[in-house]
Participant: 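Below is a structure I'd like to ask you about.
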Amino acid sequence: MSTLLANLNEQQLAAVTLPPQHALILAGAGSGKTRVLTTRIAWLISTGQASPQGILAVTFTNKAAKEMLTRLTAMLPINTRGMWIGTFHGLCNRMLRAHHRDAALPQTFQILDSQDQLAAIKRLLKTLGVDDEKYPPRNLQHFVNHCKEQGLRAGQVEVWDDYNRRMVELYAAYDDQCQREGVVDFAELLLRSYELLQRNQLLREHYQHRFRHILIDEFQDTNVLQYKWIGLLAGGPERGSAAVFAVGDDDQSIYAFRGANVGNMAAFEREYRVQNLIKLEQNYRSHGHILGCANALIANNAKRLGKNLWTESGEGEPVRVYEAMTDGQESQWLVEEIRSLVAEGHLRNDVAVLYRSNAQSRVIEHALFSAGMPYRVYGGLRFFERAEIKHALAYLRLLENPDDDGAFLRVVNFPARGIGARTLEQLQDAARARGISLFAAVGGLSGAAATKLAAFTGLVARLRDETRRMPLTDLVEHLIERSGLVAHFETEKEGQERIENLRELVNAAAAFLAEEGISQDVPAREGVAVADAPMAGAGDAQPVAPIDPADGIEVLAPGVSAVRLTPLAAFLGHASLEAGENQAGEGADAVQLMTVHSAKGLEFDAVFITGLEEGLFPHENSATEPEGLEEERRLMYVAITRARQRLYLSFSQTRMLHGQTRYNLRSRFFDELPEGSLKWLTPRVGGTARGFGAPREAWSPRWESGAQHASGGARRGEWREFGHSGRDTGDNGRLSQAEQRAALRFDRGVPWRVGQNVAHARFGEGVIVGIEGSGEDARVQINFGRQGIKWLALSVARLEPVG
DNA sequence: TCACCAACTGTGTCA
DNA sequence: CAGTTGGTGA
């Protein structure tokens, strides 16, 4: 016990040892949040206040769940199998598998990732003959997910105009389609689980009785539905059979785009009448200057619960800032800096390069690759999201459930079997007319097309037969060969890598079995107990069995039960819930590349935040969203607080984006950092850069308005000018195409050039990104940062050169 | 039916 | 730039 609680600070200790009552822990970045959570669980168990089965701990990412389990097993020598620790989606999946009957799902239901979901929606719109210009699939996808995240079925959504009414109808039709095909999307996992608990009193009471302690990580990221789900499990705010221990940081709420509702923190405090509110404000991670930047930045947000991080470690090194000419140069500089960090003795693993969006990784990867520097990219296209893997998984899904039309359509003609769009249209008509799946409808067709289709269903049937008693790895191996996938990619020029990925799928299956503790020899399609089932609860709980024995629940030992699920079904669930990393080489010492979002929860000795430019970070799309800027600022706050010792901030004057050169202003976030904590690695000619030293009152902090914001004001030094007289630009001395074009236009008599900084009386400062026409008709396109990109006629607009 | 190419479009973060 | 759609010819 004493070792368990040793080295906790006062607030941490208070949080860990709280009585079994509702509690809200406001945990700042680097304040030991995960430690508090895991120690709390260990403390509850080791003091006998809770049994492992009585604990429900929810996180958002698989990574966080794994981390918690690892730390817990290090603290307590207990079997964690009976504990419900996992992501919201993972736990809901577990619950729905166990009670699939009550949830009206086939036990083999498959999970759609967002790709699959979009494909399903496109298919639906086509079937219904809906104009997908008027109802873009992506919009419908967002609409559906948004509704589900609010806990609303189609029948519960408020209808206010014809368009919206149609969307609701399509939502209902989409749900019908999913139900017919036995598939559920991510949001559905939660909603289905919620409705199950709400509808089934016996089941609800069982879980309420079982879970005495509910612990939630990253509470600020919960959405309305998750909040309600927790409420059901906890027996509601009033009676409260369980103590809810919520840990969160409103300043790190960065998932509003997927429905997260920071308001849940305040709501929780109010509705649950939380008496125990503890703030963890001592930061153990970052040096002073870094923390100072984070605090100063986040202070610009209006809606905060209020919290200020402090540290006992000294000021440390200042935050380094680098301004590049081009994104390529930014990456070059990055490589050099990382080289010297490594030379100083840092592990590459302890160096992270962060960016706002995945698209930015490309240039950086290119530079690292050319320099022979090992790196590892997180996110982007992940292993289980690759096309060839999805094809293989579709075959696996058809073995489990032939009625899965999405899987059917994905592979019916892949590899090509001469089954074209016309044939499939006929089949879909037939299936719809009879209300059956595509697979089932094949038998009712006749003609040449039917023969080809029958060949495919025959193949699937044969594969089913052949693999009946095969272990999972053999099955996967057999399937990628006999489906014709490997042979198909062998004929492709670029197919080798895809074949390697398919082979890697066999390894992934083996690794999955090992991780789940399933024997490699168990037949993949026969039942094996894989997941803890909610039958007999904690030791003191009376065994409630609101479960139909036909559900396949098995009691392993007193108090421990499991769902009988085939290894194949479990593997498919794993593949959709855990997209997997996209690169092998876990152990290698490599620089870590990732988006700021995926960096949340991690920390590194040195962190580079790149592409700090208006439009990129803060992202331009966030401008149209309510409170979009505040979320971007929190994102920046998360990025800064990842760094332990060294932080680098960089931006570039020009950047290739969507295939064309863009001229960006540097991010407004620089204006919000204390100048004394920054060290500029590139010269700032003119003494004051934008914002610093300028009267703060002069600019509006509002995202929406702020017309008089003194934007763009870096007095650009002479050396940064480009586009005239062929002078060395500092960028290999070569003029880019855009610069050449600009120079040409300059020769035609328009006294401005692309890339030049200008000031406009109303819009403030901006940078010229395009020029058209000449003489009276000449007009220039200017990026005014948050004012947007505008075309101005030179005969009308009065522009002042800047710099 | 399918391979191939041209034109077009959209481009943010996650489970 | 990349992925997707649309058209064409075999």
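So you know, we letter chains A, B, ... as the sequences are listed, proteins then strands, and number each from 1.
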Participant: Q426(A) has an atom CD; how far is it from atom P of dT1(B), in whole Å?
Facilitator: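 Result: 8 Å.
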Participant: At under 4.0 Å between heavy atoms, which parts of nucleotides 8-15 of chain B does protein reach? Answer with one letter per nucleotide, 5' to 3': B base, S sugar-phosphate only, - none.
Facilitator: ---BBBBB
Participant: Taking only Lys NZ, Arg NE, NH1 and NH2, and the carboxylate oxygens of Asp or Glu, determine whether K148(A) and D175(A) approach each other closer than 4.0 Å.
Facilitator: yes
Participant: Rounded to the nearest 0.5 Å, what's the gap from NZ on K600(A) to CZ on F60(A)? Could you check?
Facilitator: 8.0 Å
Participant: Does a side-chain N-to-carboxylate-O contact under 4.0 Å join R634(A) and D249(A)?
Facilitator: no
Participant: Quick one: is the NZ or CZ of R97(A) closer than 6.0 Å to the six-membered ring centre of F109(A), and within 45° of its axis?
Facilitator: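 Output yes; distance and angle both within limits.
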Participant: Could you state the CZ-P distance from F414(A) to dC2(B), rounded to the nearest angstrom?
Facilitator: 12 Å
Participant: Keeping to residues at least two apart or across chains, list the salt bridge (Lys or Arg N to Asp or Glu O under 4.0 Å) pairs with something in residues 414-425 of chain A.
Facilitator: none
Participant: Check this for me, if you would: do R397(A) and E400(A) make a salt bridge, where the nitrogen-to-carboxylate-oxygen distance has to be below 4.0 angstrom?
Facilitator: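 A salt bridge is absent here (no side-chain N lies under 4.0 Å from a carboxylate O).
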Participant: What integer distance in Å separates R386(A):CZ from dG3(C):P?
Facilitator: 12 Å
Participant: Could you state the CZ-P distance from R417(A) to dC2(B), rounded to the nearest angstrom?
Facilitator: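 These atoms are roughly 11 Å apart.
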Participant: Taking the same atom, C1', in dT13(B) and in dT4(C), what whole-Å distance lies between them?
Facilitator: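 Looking at atom C1' only, dT13(B) and dT4(C) are 23 Å apart.
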